[in-house]
Number of protein chains: 2
Amino acid sequence: MSRSPSTPPTLEDVARVAGVSRATVSRVVNGTRNVDRKIQEVVRAAIDEVGYAPNRAARSLVTKRAGTIALVVSGAGEPGEEGAFASRVLSDPFFGRVASGVLGFLRTRGVHPVLMVSDTERAREDVLAFLRQGSADGALLVSTHAEDPLPARLVDAGLPAALFARPARPMPISYVDLDHQAGAKLAADRLVGRGCRQVATISGPLDVPASQDRLTGFRDAVARHGSPYVPIAEGGFTAGSGEAAMERLLAEHPGVDGVFAANDLMAQGALAVLHKHGRRVPEDVALIGFDDSGPALTCRPRLTTVRQPVEDMAAEMARLLLDHVDDPASPPRSVIFEPALVVRESA
Amino acid sequence: MSRSPSTPPTLEDVARVAGVSRATVSRVVNGTRNVDRKIQEVVRAAIDEVGYAPNRAARSLVTKRAGTIALVVSGAGEPGEEGAFASRVLSDPFFGRVASGVLGFLRTRGVHPVLMVSDTERAREDVLAFLRQGSADGALLVSTHAEDPLPARLVDAGLPAALFARPARPMPISYVDLDHQAGAKLAADRLVGRGCRQVATISGPLDVPASQDRLTGFRDAVARHGSPYVPIAEGGFTAGSGEAAMERLLAEHPGVDGVFAANDLMAQGALAVLHKHGRRVPEDVALIGFDDSGPALTCRPRLTTVRQPVEDMAAEMARLLLDHVDDPASPPRSVIFEPALVVRESA
DNA sequence: TTGAAAGCGCTAACAA
DNA sequence: TTGTTAGCGCTTTCAA
């Protein structure tokens, strides 16, 4: 133990105590070979004695690595909603799963994520500046908005980045994604397979590629079963929008007996409306969600849903980014994951 | 516009283009007075021309400020559950609101939060190391666990920190908290006021101070209305634990007609059980939650609940931390917020 | 008001 | 295998 110095111990201090040079201490701290066993021990003892911790800023300055990446939630806040975007997105269990997957992977690599929200032009500039400053070595982007200009800006600036979903416009950037069409097909097959004769879907925002794919996949699969027409109501991935969509569907197609909602939150909203109208689920109307997030389990009946391996996808996204940071010359890569149907009570 | 150099522009580059010294450029970048107007303009033009962004590592090295803080979600993961803790907590809408409040405040101060989870001894060491390295200027702690050793470790190490809730054991550390007893009283008064004659409560984990306070506050208030005995079932702040607790309550006290759940998630679970047993809410059993989080709104009936101003509290916590970072000699402070009853349909 | 110069703590050649 | 030394890019005295 030692008195608490006014200033933290440096390599120099350790070197002095151990009776070696700074370089040698640096070598043992960084695990470089070519250091005598005995000296290693002496140095390690000295490190403990003075309570040394390497200064990150100094290290970053020479290695040109921040050891952090930006985890950006990007989207378009309604003008003037002032932080509501952040609150909404961060409270979405889907984002929690993403963060958790990222954290799990990064933890093994000594890299830390800085949380950022980019819902305004100003915020976007902040993200860019943060990266240009070298405060983070790259960015992980979870977009909630198709027209998000951030990915392109990142590419243009030559900053390492990886996306959680295929960008709306093709661009040279790494991403992970789900085979949404396959997921929608799983739902369609289940609904038709259990005897539904009039299926409909509550889609996500149609300017989002994932929503498009889920819709297309669902339509195609249903068509293959012989029904060319599928009523659709567009939602916004929130429970409230799911309610509104279900109301519309019921009004225009009272005979609907099977519904595929493009995410669990909307399915949850639909469920409430179905209850309100006295339709039993799944007896009168079978309902399938998408994501397998927390709400799918708290619903009654519990939601049959299409599971995205979100944590795995997030971890892979982090891996893609770090690989790119390590080798900036490597070409962008994309990894597509397969969904699975989780059968519970709603269908 | 300029060609993209292999290495980012530095102060030196700007200085050369502007025809001044590094020091002068530094002064205009940092907004120091005592720089001739004309020179300022020249320098600014040069900055734009070369696309300069100050290197954070270099700046941190001399200012001894990282410009980032750690946002730590701390708790005890079940041994071997491997990341499940992170997933659970980060998916909790409550944490989303905290993050959002923190982000909102930090955004105005140019500080960024690094997301960390500390659910193991190893992870706790990482947090401490991160701070000692100077990677972050302080820590914001959201604990889910009463026996969390991290706050004390932070205090011992003399590292700046602020907590989201009063620590289980008194210690010299800043925190924000809610007047939980007042919140519970709001719930009790509402329940008794609407005519409930046999009220019960689903508490949070009783080793958590907030749970204790909510329980005590509820009991006291109910006692003041003339009923000295309040059945209680302990839960774990999850929907599943709320279900189990409600089952127990119903089994032991079938006549219960008013329930106060210590958070919305448990209330949601209780609601499902109540439905299952054919009890109408609020006609047969009135139900009140706590937090006013997303699920309170997606429930049917919508939950009457005690609202915590979580975002405001989180912002204040961030303020307390930054104040302490700016003036390490200042004593710890605590700020207590007042809850409000949000009346909806369940009670 | 401006410039020169001394570090901040570390890594990585290069020498020994 | 170890030590010497030259920076990394920035802020900040101190002189001018």
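Chain identifiers are assigned alphabetically (A, B, ...) following the order of the sequence lines, protein sequences preceding nucleic acid strands; residue numbering begins at 1 within each chain.
Checking the phosphate oxygens (OP1, OP2) of D:dT11, a side-chain nitrogen or oxygen of B:S26 falls inside 4.0 Å. Remark: A:N30 is in phosphate contact with C:dT11, judged by side-chain N or O atoms under 4.0 Å from OP1 or OP2. Contact between the side-chain N/O atoms of B:K64 and the OP1/OP2 oxygens of D:dT11 is not found at any separation under 4.0 Å. Put simply, B:T24 has a side-chain N or O that comes within less than 4.0 Å of OP1 or OP2 on C:dG3. At C:dT2, none of the side-chain N or O atoms of B:S21 fall inside 4.0 Å of OP1 or OP2 (strictly under the cut-off).
Checking D:dC10, C:dC10, D:dG3 against the side-chain heavy atoms of B:R59 singles out D:dC10 as nearest.
Here D:dT11 presents its C1' atom at 10 Å from CG of B:L61, a figure rounded to the nearest Å. Following rounding to the nearest Å, B:Q133 (CD) and C:dC10 (C1') show an atom-to-atom distance of 12 Å. Residue A:I47 contributes atom CD1, which lies 10 Å from atom P of C:dC10 at whole-angstrom precision. Residue B:D36 contributes atom CG, which lies 15 Å from atom C1' of C:dG3 at whole-angstrom precision. Following rounding to the nearest Å, B:R22 (CZ) and C:dC8 (C1') show an atom-to-atom distance of 13 Å. Taking atom CD on B:E12 and atom P on D:dC8, their separation rounds to 10 Å, with Å as the unit.
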Checklist entry - Checking side-chain hydrogen bond (donor to acceptor under 3.5 Å, both in side chains) for the pair B:E12/B:T10: CA distance, chi angles, key distance, verdict? => result CA-CA 5 Å; B:E12 188 72 53; B:T10 71; 5.8 Å; no

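Residue B:V29 is classed as having no contact, given no heavy-atom separation below 4.0 Å to the nucleic acid. Counting any heavy atom pair closer than 4.0 Å across all strands shown, B:N55 reaches sugar-phosphate atoms only and no base atom.
Each of B:V62 and B:G19 has a nearest nucleotide on DNA chain C; the 5'-most of these lies closest to B:G19.
Between A:E125 and A:R132 there is no salt bridge, since none of the side-chain N atoms of the basic residue sits less than 4.0 Å from a carboxylate O of the acidic one. Under a 4.0 Å N-O distance rule, the pair B:E49/B:R44 does not qualify as a salt bridge.
Evaluation of atom-type donor-acceptor distances gives a pair under 3.5 Å for the side chain of A:R27 against the base of D:dG3.
A distance of 14.0 Å separates CZ of B:R333 from CD1 of B:I173, quoted to the nearest 0.5 Å.
Checked by atom type, the side-chain pair A:S135/B:R56 shows a donor-acceptor distance below 3.5 Å.
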